[in-house]
Amino acid sequence: MMSPWRSNRSWGMLDHNERGRSSPRQETVTKRREQQSARSGTSSSNSPVLPVTPEHTTSLQEVLTNSAIAELLAKEAETAKQPLQKALRRASRRAFLWPEEAAQLVIEGRSLEEELPGVGPYLGRVIRHWIQNPPLMPEPPDIRADFLTVPEARSILAKNPSWRRHLKGDLQMHTQWSDGSGSIEQMAEAAAGRGYEFIAITDHSKGLKIAGGIDEAQLLQQALEIENVNRMLADTSRPVHVLRSVELNLDPRGQGDMDEKSLARLDIVLGCFHSALRKKEDQTQRYLAALRNPAIQILGHPRGRIYNFRKGLTADWSQVCNLAAELDKAVEIDCYPDRQDLNVELLKVAKAAGCRISLGTDSHDPSQLGFIDLGLAAALWSGIQPERILNFMPLNQLSKWIANIR
């Protein structure tokens, strides 16, 4: 099954109204690109950059999206030398978080260098050249395919404003207790500012030492801090309830690295794989084992993919999602821009199975709570029913669901 986003990225168009199929306008632009390529024999970014003039405006509205620019930057990085390679790879990742389409900035005569993170003078010239002289767009490899950009997500959500209003909370984030930069109080205050009813603090468990994983004793200490934060927030005009949780490190057999009695004291447990993530053979059995683990309620960032770094694992996702539905457990959309896992394609599999969906930003700083829009948009685009999304439940309903499956 091909995700509609892959189709859009292969065209690299700004138009969001013809997802998944080419329009006459897209065909026209493609022919123009082919003619350009045939005339020049190259799409080199070393060509002179044209000034933006009125006659460019129509074509600029038809050209590259930020996702297409991200792919071009990643392709350039494959043959570039350091330090340019590093700058290109960094800009490719950041392109997904640019708040506006770069092409729109060029149309309006605004500065790419001043408004887009990761873009300096050299990359600014390169990107303007691509926008004004669109190259043929290659199909992104799997390691970079099916990632939403912020403008794409906002466009989807704008068509259904009520969708975001369903949101009650965020079920994955990290603090200074492991590898985050914010305190529990700071994360909670940021969530209260977004009008949330609850959040889950899911710092890493002890087996993931590279991420500052915490042990059972530290988990107890953290629970005391969460209790104090909840007491303080209850007396404010925007109370948000902090759930005690952990991102439980799972081995390939689906077993966690924490004492089960410690896990039983938590409000909710997220289980994630962090090892043996580059295996090419089918990994269905490890997912089934993880879902059968009585300690966890949510299977977090299932594929383990990371943009332009790791493709992630392969499994019979229908079988995985069917078991999740049978056990009434949830699979996660990790909303972190580099992860977006599960993606749109696999969310359609989850929808068909009828399993529950959890949204977690995987935030490591209060400013990253806004990543939730990427997951909200993916769930909306995939057609996930609102009643299947944990984050759309009131806190008392979420607590009842957890109690029922324990």
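Just the heavy atoms: all of them, side chains too, but no hydrogens, waters or symmetry mates, feed the values below.
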>> By the salt bridge (charged side-chain N to carboxylate O under 4.0 Å, His left out) test, which pairs, at least two apart or in different chains, include something from residues 81-96?
In response: Arg93-Asp338

> Does one side chain, of Glu115 or Trp98, offer a donor that lies under 3.5 Å from an acceptor on the other?
Replying inline: no

>> Treating Gln340 as the side-chain partner and Leu148 as the backbone partner, does any N or O pair qualify as donor plus acceptor under 3.5 Å?
In response: yes

> Would you say the side-chain atoms of Glu101 pair up with the backbone N or O of Asn66, donor to acceptor, closer than 3.5 Å?
Replying inline: yes

>> Please report the interatomic distance CG(Leu123) to OG(Ser92), rounded to the nearest 0.5 Å.
In response: 10.5 Å

> So, for Gly254 and Asn293, which heavy atoms are closest and what is the spacing to 0.1 Å?
Replying inline: O-ND2, 3.0 Å

>> Minimum heavy-atom separation for Asp203 and Ser178, please, with both atom names.
In response: OD1-OG, 2.6 Å

> Is there a donor-acceptor pair closer than 3.5 Å between any side-chain N or O of Ser382 and the backbone N or O of Ala378?
Replying inline: yes

> Quick one: does Trp163's side chain have a donor or acceptor within less than 3.5 Å of a partner on Leu376's backbone?
Replying inline: yes

> Got a sec, which pairs hit salt bridge (charged side-chain N to carboxylate O under 4.0 Å, His left out) with one end in residues 393-406, sequence neighbours left out?
Replying inline: none

>> If you apply the rule side-chain hydrogen bond (donor to acceptor under 3.5 Å, both in side chains), what do you find for Glu225 with Trp177, and how did you get there?
In response: CA-CA 11 Å; Glu225 183 176 333; Trp177 279 88; 3.0 Å; yes

> Does a salt bridge link Glu281 with Arg286, judged by any charged N lying under 4.0 Å from a carboxylate O?
Replying inline: no

> How are the rings of Tyr307 and Phe96 set to each other: parallel, tilted or perpendicular (split at 30° and 60°)?
Replying inline: perpendicular

>> Regarding His174 and Gln176, do their side chains bring together a donor and an acceptor under 3.5 Å, going by distance alone?
In response: no

> Mind checking whether Leu88 and Gln85 have side chains closer than 4.5 Å, heavy atoms only?
Replying inline: no

> Are Asn322 and Glu326 close enough that some pair of their side-chain heavy atoms sits under 4.5 Å apart?
Replying inline: no

> Mind checking whether Leu390 and Ile357 have side chains closer than 4.5 Å, heavy atoms only?
Replying inline: no

> Are more than 12 heavy atoms from other residues, nucleotides or ligands located less than 6.0 Å from atom CZ of Arg278?
Replying inline: yes

>> Using the rule given for salt bridge (Lys or Arg N to Asp or Glu O under 4.0 Å), can you reason through Arg253 versus Asp251, listing the C-alpha separation, both sets of side-chain angles and the distance that settles it, and then say yes or no?
In response: CA-CA 5 Å; Arg253 297 170 299 153; Asp251 66 24; 3.0 Å; yes

> Counting only heavy atoms not in Glu260, do more than 12 fall under 6.0 Å of its CD?
Replying inline: no

> Which is it for Leu347 and Ile333 under the side-chain contact (heavy atoms from CB on, under 4.5 Å) test, yes or no, and what are the steps along the way?
Replying inline: CA-CA 8 Å; Leu347 283 170; Ile333 305 175; 3.5 Å; yes

>> So, taking the atom named CG in Asn133 and the one named CZ in Arg128, what distance separates them when rounded to the nearest 0.5 Å?
In response: 13.0 Å

>> Just checking Leu224: does its CG atom have more than 12 heavy atoms from other residues, nucleotides or ligands closer to it than 6.0 angstrom?
In response: yes

>> Apply salt bridge (Lys or Arg N to Asp or Glu O under 4.0 Å) to residues Glu216 and Lys206 and explain how you reach the verdict.
In response: CA-CA 8 Å; Glu216 289 84 352; Lys206 63 182 181 182; 3.2 Å; yes

> What's the shortest heavy-atom distance between Glu332 and Gln172, and which atoms?
Replying inline: OE2-NE2, 2.7 Å

>> On a heavy-atom basis, which atom in Leu270 and which in Gly300 lie closest, and how many Å separate them?
In response: CD1-CA, 3.7 Å

>> Any donor-acceptor pair under 3.5 Å linking the side-chain atoms of Asn160 with those of Ser162?
In response: yes

> Got a donor-acceptor contact below 3.5 angstrom from the Arg310 side chain to the Arg305 backbone?
Replying inline: no

> Shortest non-hydrogen contact from Ala234 to Pro239?
Replying inline: CA-CB, 4.3 Å

>> Looking at Thr65 and Ala68, would you say the former's side chain and the latter's main chain have a donor-acceptor pair under 3.5 Å?
In response: yes

> If you round to the nearest 0.5 Å, how far is CE of Met173 from CD1 of Ile372?
Replying inline: 8.0 Å

> Does some side-chain heavy atom of Val246 sit less than 4.5 Å from a side-chain heavy atom of Val269?
Replying inline: yes

> Could you go step by step and tell me if Arg244 and Asp267 meet the salt bridge (Lys or Arg N to Asp or Glu O under 4.0 Å) rule?
Replying inline: CA-CA 5 Å; Arg244 295 165 300 161; Asp267 297 307; 3.2 Å; yes

> Quick one: do the Glu185 and Ser183 side chains pair a donor with an acceptor below 3.5 Å?
Replying inline: no

>> For Leu398, run the side chain to side chain contact (heavy atoms under 4.5 Å, CB included) check against Glu197, Met393, Lys168 and tell me which one passes.
In response: Met393

> Any sub-3.5 Å donor-acceptor pair from His364's side-chain atoms to Asp362's backbone N or O?
Replying inline: yes

>> Tell me if a side-chain donor or acceptor on Gln218 pairs with a main-chain N or O of Asp215 at a distance below 3.5 Å.
In response: yes

>> Distance alone, cut at 3.5 Å: any donor-acceptor contact between the side chains of Asn249 and Ser205?
In response: no

>> Are Ile184 and Gln222 packed together at the side-chain level, in the sense that at least one heavy-atom pair is separated by less than 4.5 angstrom?
In response: yes

>> Donor-acceptor pair, distance only, cut-off 3.5 Å: does the side chain of Arg154 make one with the backbone of Pro99?
In response: yes

> If we only count heavy atoms from C-beta on, is the Leu250 to Leu248 side-chain gap below 4.5 Å?
Replying inline: yes

> So, Thr361 versus Asp170: side-chain donor-acceptor pair below 3.5 Å or not?
Replying inline: yes

>> Just by distance, no angles: are the side chains of Asp316 and Thr284 close enough, under 3.5 Å, to form a donor-acceptor pair?
In response: no

> Should Leu64 and Met137 count as side-chain neighbours, where that means a heavy-atom distance under 4.5 Å?
Replying inline: yes

> Side chains of Thr202 and Leu171: does their closest heavy-atom pair fall under 4.5 Å?
Replying inline: no

> Of the non-hydrogen atoms in Leu112 and Ala102, which two are nearest, and what is the gap between them?
Replying inline: CD2-O, 3.7 Å

> Does the side chain of Arg388 pick up a donor-acceptor pair with the side chain of Gln385 at under 3.5 Å?
Replying inline: no

>> Students often mix this up, so state it plainly: with edges at 30° and 60°, are the rings of His274 and His204 parallel, tilted or perpendicular?
In response: perpendicular

>> Determine whether a donor-acceptor pair (N or O, by modelled atom type, separation under 3.5 Å) exists between the side chain of Lys329 and the backbone of Leu291.
In response: yes

> What's the verdict on side-chain contact (heavy atoms from CB on, under 4.5 Å) for Ser67 and Glu152, showing C-alpha distance, side-chain angles and the deciding distance?
Replying inline: CA-CA 9 Å; Ser67 56; Glu152 286 174 335; 3.5 Å; yes

>> Pair Glu227, Arg231 - check salt bridge (Lys or Arg N to Asp or Glu O under 4.0 Å), show working.
In response: CA-CA 6 Å; Glu227 184 180 343; Arg231 189 181 302 112; 3.1 Å; yes

> Taking it one step at a time, do Glu387 and Phe392 satisfy side-chain contact (heavy atoms from CB on, under 4.5 Å)?
Replying inline: CA-CA 7 Å; Glu387 62 272 16; Phe392 288 3; over 6 Å; no

>> Could you walk me through whether Ile127 and Val119 satisfy the side-chain contact (heavy atoms from CB on, under 4.5 Å) test, starting with their C-alpha distance in whole Å, then the side-chain angles of each, then the deciding distance to 0.1 Å, before giving a yes or no?
In response: CA-CA 9 Å; Ile127 293 168; Val119 177; 4.0 Å; yes

